[in-house]
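Beneath this line is the structure, given in structure tokens, with notes to follow.
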Amino acid sequence: MAAMSTESTGTAARDGDPAPAGPGDSPFVRACRRQAVPHTPVWFMRQAGRSLPEYREIRANVGMLESCRRPDLVTEITLQPVRRHGVDAAILFSDIVVPLAAAGVDLDIVPGSGPVVAEPVRAVADVERIRLIGRDDVSYVDEAVRMLVAELGDTPLIGFAGAPFTLASYLVEGGPSRTHAKTKALMYGDPQLWHALCDRLAEITLEFLRVQVAAGVSALQLFDSWAGALSEADYRRYVLPHSKAVLTGLADAGVPRIHFGVGTGELLAAMGEAGADVVGVDWRTPLDVATVRIGPERAVQGNLDPAVLFAPWPVIEAEVRRVLEQGRAAPGHVFNLGHGVPPETDPEVLTRVVALVHELTAGPAERS
Ligand code: CP3
């Protein structure tokens with residue numbers, strides 16, 4: 001596919017450039033490791049998606065799950081934002097429910113709504129029906145990652161998975177939920193079943209991430225998007241042990257582990273303790289405050305409010321400056337949004353934000 005040439009990703013070495021050091025020594029991976037960086041790295045959650053016309057075009061007649069299972073499409077869609085915006089990292093195009101479908105769960109991703117599960121989990125038998133997976137069950141992910149690593153050159157590829165709580169919330173609710181009431185009812189009402197479900201989800205997630213590491217990703221992000229629905233006490237009791245099983249199971253993988261959720265201001269310390277090298281922060285908690293909560297041992301990622309992307313440019317610029325300034329309190333900062341790119345975003349605004357972050361932070365990093 002011509003559009004997939006290395007040159008078009010903007011990662012090809014130019015004459016006179018220093019020898020490429022590889023994605024493991026990229027600004028993004030260095031920031032995750034709290035090392036000095038030539039500029040603050042930036043990427044966007046959900047950068048591969050509906051904000052891009054080239055994405056909408058390629059997805060026009062292909063269902064979401066099907067597109068996740070086609071390595072050629074995964075590769076092309078993953079590269080689109082790298083080419084267009086010059087972001088410092090690519091994120092694998094997939095979805096958090098892909099490994100669940102591979103484990104035999106009957107589900108679909110409904111446009112404009114999200115994952116819908118045909119038979120929600122209610123009893124032990126429902127948990128037992130969820131199979132453990134191996135590489136062969138997700139060979140299309142293995143293949144896509146290998147193709148991408150070859151295409152991306154020095155640009156790192158982020159692999160990802162959903163954390164046990166967020167996956168469980170889709171399985172128990174049967175679909176997206178505002179209150180997570182059914183999930184909490186199961187958690188409080190039948191803790192044994194809850195832990196059995198999360199144990200299984202942690203095993204599946206760990207294997208799914210190991211496949212991505214073996215295929216060559218440079219970092220991992222564990223999305224616990226909806227964990228902010230819980231108090232810290234409940235998070236520590238019902239969720240932390242399972243996320244920890246995943247993250248500590250990858251301690252020897254040799255790649256940084258990012259852990260992110262929305263509305264997790266009160267959970268930031270605990271999410272770090274789960275075994276993250278980088279803690280993602282949404283827009284509600286300023287990064288300097290977040291850094292005090294998370295401590296000096298971990299970097300932070302975030303946290304421009306996605307809604308700010310719809311404000312006039314001077315407001316966006318001021319907000320980017322504020323995020324960068326507050327991020328200087330952290331021992332490492334990866335610039336991102338506080339959650340995913342909204343589908344209605346003007347892609348040119350994202351390109352401008354990338355250029356601005358690079359321009360404002362060029363030069364060796366000074367950290368307080
Ligand atoms: O970040 C990226 O660019 C990589 C791709 C990615 C997708 N989903 C593609 C996608 C990633 C990292 C995800 C993770 C994901 N999926 C999460 C965690 C991140 C977060 O937003 O908190 C969650 C909770 C899901 C579940 C899910 N899948 C939701 C809530 C939706 C949105 C439904 C909608 O249409 O608004 C999906 C579908 C989905 N996943 C789309 C994309 C591009 C839209 C599907 C389409 O284009 O038709």
Side-chain angles (χ1 to χ4, degrees), residues 28 41-59 62-65 67-68 73-99 109-115 141 144 148 152 155-163 166-167 169-170 176 212 217 219-228 258-264 278-284 301-310 316 319-320 323 334-354 357:
F28 166 74
V42 45
W43 69 280
F44 304 112
M45 292 182 275
R46 295 285 183 95
Q47 64 190 15
R50 283 172 299 174
S51 65
L52 301 184
E54 57 270 35
Y55 169 81
R56 294 195 292 266
E57 193 182 321
I58 202 168
R59 279 286 325 283
V62 195
M64 179 63 192
L65 276 175
S67 60
C68 294
L73 283 186
V74 171
T75 303
E76 170 58 20
I77 295 172
T78 301
L79 292 175
Q80 284 176 347
V82 180
R83 273 185 215 125
R84 186 190 259 268
H85 304 307
V87 281
D88 290 275
I91 179 156
L92 180 71
F93 179 76
S94 186
D95 194 84
I96 58 168
V97 297
V98 164
I109 299 178
V110 178
S113 156
V141 170
L148 277 162
L152 281 162
T155 302
L157 176 65
I158 303 168
F160 76 92
T166 293
L167 294 178
S169 87
Y170 284 108
Q212 296 177 54
V217 298
L220 293 170
Q221 178 152 330
L222 188 65
F223 283 95
D224 211 353
S225 300
W226 315 136
I258 309 169
H259 196 22
F260 167 79
V262 185
T264 52
V278 184
V279 178
V281 183
D282 84 357
W283 63 93
R284 295 171 178 91
Q301 176 174 279
N303 71 348
L304 185 73
D305 184 344
V308 165
L309 298 170
F310 302 103
I316 301 174
E319 285 295 289
V320 168
V323 168
V334 175
F335 190 98
N336 204 312
L337 304 178
H339 197 188
V341 174
E344 310 78 21
T345 306
D346 176 355
E348 286 185 20
V349 171
L350 294 175
T351 308
R352 277 184 88 176
V353 169
V354 172
V357 170

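Computed over heavy atoms, backbone and side chain alike; hydrogens, waters and symmetry mates excluded.
- For the side chain to side chain contact (heavy atoms under 4.5 Å, CB included) with P81, the lone residue among R84, H85, R83 that qualifies is H85.
- Using a 4.5 Å heavy-atom threshold, the side chains of F335 and D88 count as separate.
- Residue D282 holds its CG atom at 11.5 Å from CG of L337, rounded to the nearest 0.5 Å.
- Counting all heavy atoms, side chain and backbone alike, P156 lies closest to F28 at CG-CD2, 3.7 Å.
- Atom-to-atom distance recorded for F93:CZ and C68:SG is 4.5 Å, nearest 0.5 angstrom.
- Of the possible donor and acceptor atoms, none in the side chain of D224 sits under 3.5 Å from a partner among the backbone N and O of G261.
- L92 contributes atom CG, which lies 12.5 Å from atom CD of Q221 (distance to the nearest 0.5 angstrom).
- Contact annotation: the side chain of D95 never approaches that of L65 to less than 4.5 Å [non-hydrogen atoms, C-beta and beyond].
- At a threshold of 4.5 Å between non-hydrogen side-chain atoms, the residues R59 and I77 count as touching.
- Two residues are said to be in side-chain contact when any heavy atoms from C-beta on lie closer than 4.5 Å; V353 and V357 meet this criterion.
- Of the residues listed (V281, I258, V42), the one engaging Q301 in a side chain to side chain contact (heavy atoms under 4.5 Å, CB included) is I258, and it is the only one.
- Of the possible donor and acceptor atoms, one in the side chain of T166 sits under 3.5 Å from a partner among the backbone N and O of W226.
- Formation of a donor-acceptor pair under 3.5 Å by the Q80 side chain with backbone atoms of L52 is not found in this model.
- Between F310 and T345 there is a side-chain heavy-atom pair separated by less than 4.5 Å.
- Atom CG of L148 is separated from atom OG1 of T78 by 4.5 Å, given to the nearest 0.5 angstrom.
- Looking only at distances, no side-chain donor or acceptor of Q47 sits under 3.5 Å from a matching main-chain atom of V341.
- You'll find the side chain of I96 reaches within 4.5 Å of the side chain of F160, heavy atoms only.
- No side-chain heavy atom of F223 sits less than 4.5 Å from a side-chain heavy atom of L167.
- Proximity of N336 to M45: side-chain heavy atoms (C-beta onward) are separated by under 4.5 Å at one or more points.
- For the residue pair P53 and S51, the shortest heavy atom distance occurs at CD-O, 3.6 Å.
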